[in-house]
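All remarks here apply to the structure that follows.
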Amino acid sequence: MLGAPTTGSALNPRLGDHVCLPFDTDGERIAAARAITLNGLREGRLVLLVTESDSPQQVRRHLVPPGDDGAGEWFDVEAAEASGRLTILPADESHFSQGRFDPEIALTCLAAFGRQAERLGARGVSVLVDASWRLRADPGRSLEVEARGNALFAERWMALVCQYDRRRFSGEAVDQAAAVHPITPGEAELRFACTPGGLALSGEIDGTNIAALASVLDTLVPMARALTIDATALGYLDAEGARLLARTAELRDDETVILCSPAVARLLSLIRADDVDRLSVRPAGP
């Protein structure tokens, strides 16, 4: 029987969430790994753990710590692995090729687990990545794969949490990583989903996740058909985010429609989005 140890955007992410999770101690890192694994299994998902600071054997021991809390009675690591519900991979087998970081391998690995989840009838995939692998890779290319991966989350079959050790990464590096993640604890939370017309946005957009929004919108520019961006569920949008929406429409060759609240419509008008060719802003409600 599986318990439900922790909830929240970081430790119990929804499908479609891409989370940056900074931490300060090994205890925090291990507790998060266990909570995310248990919550993912409880939700009926496949769980993939990509290790770096610990070996897979150490991670297995961390998942069911010794003690009298009864954890061992309701979480069998060996059984979960044998059934294919849990996979523990070192970063060398999921992010690197011949000792060099390869973004295509990382993205291909995630896509493969999506197909496996579909074959097994699982309700999506929960992934936890120890981002310390980035210390062995080119900083620019490794951050690029974090941003490029955002497009996968619009399909809502995967939740991915990246753990960043504040003792190993500079404050600037952690801030840069957080900016390309739509969700970081304590900051604005952005979610997005594919729709028949294009893309739906929900949550909040500000300077803390604007780079994540840009990475998603960039994938819409080449779309060779009319595009609808449904922003009616956005609770907050700053001026920079509004400019990104307008810029996306400006770069496209086909019509773009933005559905939004009256407040967002007023903001788009203030930044002169009305002057953008092939862009229509349609406020919802009265």
Side-chain angles (χ1 to χ4, degrees), residues 5-41 43 45-65 77 86-96 101 103 106-107 109-110 113 125-137 139 141-150 152-153 158-187 189-190 208-209 211-212:
T6 314
T7 59
S9 297
L11 301 183
N12 191 17
R14 306 177 195 175
L15 292 178
D17 286 0
H18 186 198
V19 182
C20 178
L21 181 60
F23 65 90
D24 296 296
T25 69
D26 289 335
E28 289 179 58
R29 173 172 59 83
I30 291 167
R34 186 164 182 269
I36 289 166
T37 300
L38 287 169
N39 284 323
L41 294 174
E43 296 289 341
R45 303 174 188 169
L46 298 190
V47 176
L48 168 63
L49 306 181
V50 176
T51 71
E52 176 69 10
S53 301
D54 294 325
S55 68
Q57 292 76 18
Q58 289 172 315
V59 171
R60 292 183 183 98
R61 290 195 294 270
H62 293 328
L63 289 179
V64 185
V77 175
L86 171 64
T87 300
I88 305 172
L89 289 178
D92 282 331
E93 295 182 20
S94 59
H95 286 63
F96 291 84
F101 171 61
L107 296 174
C109 178
L110 295 177
F113 274 87
V125 181
S126 286
V127 185
L128 176 66
V129 178
D130 179 351
S132 292
W133 64 266
R134 288 193 56 207
L135 298 170
R136 295 194 280 144
R141 291 193 75 207
S142 60
L143 199 61
E144 173 195 356
V145 78
E146 293 273 33
R148 284 178 58 196
N150 279 327
L152 292 173
F153 296 92
M158 175 176 62
L160 192 151
V161 178
C162 300
Q163 291 182 303
Y164 278 84
D165 190 339
R166 289 194 180 98
R167 299 165 300 180
R168 305 184 69 183
F169 290 90
S170 69
E172 181 183 6
V174 172
D175 288 344
Q176 289 174 343
V180 299
H181 288 74
I183 298 174
T184 300
E187 298 181 353
E189 293 189 356
L190 168 64
T208 64
N209 57 15

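None of the values given here were measured: they were computed from a predicted structure.
- Between D92 and R136, some side-chain heavy-atom pair lies under the 4.5 Å cut-off.
- Salt bridge E146/R134: absent, no basic N to carboxylate O contact under 4.0 Å.
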Next item on the list: Please assess F113 against T87 for the test side-chain contact (heavy atoms from CB on, under 4.5 Å), listing each intermediate value before the final yes or no.
Entry: CA-CA 10 Å; F113 274 87; T87 300; 3.5 Å; yes
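- When all heavy atoms of S142 and P139 are compared, the pair lying nearest together is OG-O, 3.0 Å.
- Considering all non-hydrogen atoms of both residues, A178 and T184 come closest at CB-OG1, 3.5 Å.
- Side-chain atoms of S126 and N39, non-hydrogen and from C-beta on, never get closer than 4.5 Å to each other.
- Note that CG of L160 is 11.5 Å distant from CG of L21, once rounded to the nearest 0.5 Å.
- A donor-acceptor contact shorter than 3.5 Å links the side chain of D130 to the backbone of S132.
- With hydrogens and angles disregarded, no donor-acceptor distance shorter than 3.5 Å links the side chain of N150 to the backbone of H18.
- For Q57, the CD atom sits in a packed shell: over 12 heavy atoms of surrounding residues, nucleotides or ligands are nearer than 6.0 Å.
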Item checked: V127/L110 under side-chain contact (heavy atoms from CB on, under 4.5 Å): CA gap, chis, key distance, verdict -> CA-CA 9 Å; V127 185; L110 295 177; 4.1 Å; yes
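- Of all heavy-atom pairs between L11 and A32, the closest is CD2-CB, 3.7 Å.
- With rounding to the nearest 0.5 Å, the separation of CD1 in I88 from CD in E93 is 12.0 Å.
- Closest non-hydrogen pair, P90 versus V50, comes out as C-CG1, 4.5 Å.
- The aromatic rings of H95 and W133 sit tilted relative to each other, their planes meeting at an angle between 30° and 60°.
- Remark: of the listed residues R166, R167, R29, R166 is the sole one forming a salt bridge (charged side-chain N to carboxylate O under 4.0 Å, His left out) with D24.
- In this structure T25 satisfies the side chain to side chain contact (heavy atoms under 4.5 Å, CB included) test together with E28, sequence neighbours excluded.
- Summarising the geometry of S94 relative to C109, their closest heavy-atom pair is CB-SG, 3.9 Å, with the distance given to 0.1 Å.
- Between Q163 and S53, the closest side-chain pair of non-hydrogen atoms is not below 4.5 Å.
- For V19 against P185, the heavy-atom pair with the smallest separation is CG1-CD, 4.3 Å.
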Next item on the list: Would you check, one step at a time, whether the test side-chain contact (heavy atoms from CB on, under 4.5 Å) holds for V77 with L86?
Entry: CA-CA 8 Å; V77 175; L86 171 64; 4.0 Å; yes
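- In this structure, the separation between CD on Q176 and CG on L143 is 6.5 Å, given to the nearest 0.5 Å.
- Residues E43 and N12 meet the side-chain proximity criterion, which asks for heavy atoms closer than 4.5 Å.
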Check: What's the verdict on side-chain contact (heavy atoms from CB on, under 4.5 Å) for T51 and Q58, showing C-alpha distance, side-chain angles and the deciding distance?
Finding: CA-CA 10 Å; T51 71; Q58 289 172 315; over 6 Å; no
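- Expressed to the nearest 0.5 Å, how far CG of L152 lies from CE of M158 amounts to 5.0 Å.
- Counting heavy atoms from C-beta on, the side chains of L135 and E52 never come closer than 4.5 Å.
- A distance of 9.0 Å separates CG in L128 from CG in L48, rounded to the nearest 0.5 Å.
- The CG atom of N209 lies 5.0 Å from the CG atom of L190; values are rounded to the nearest 0.5 Å.
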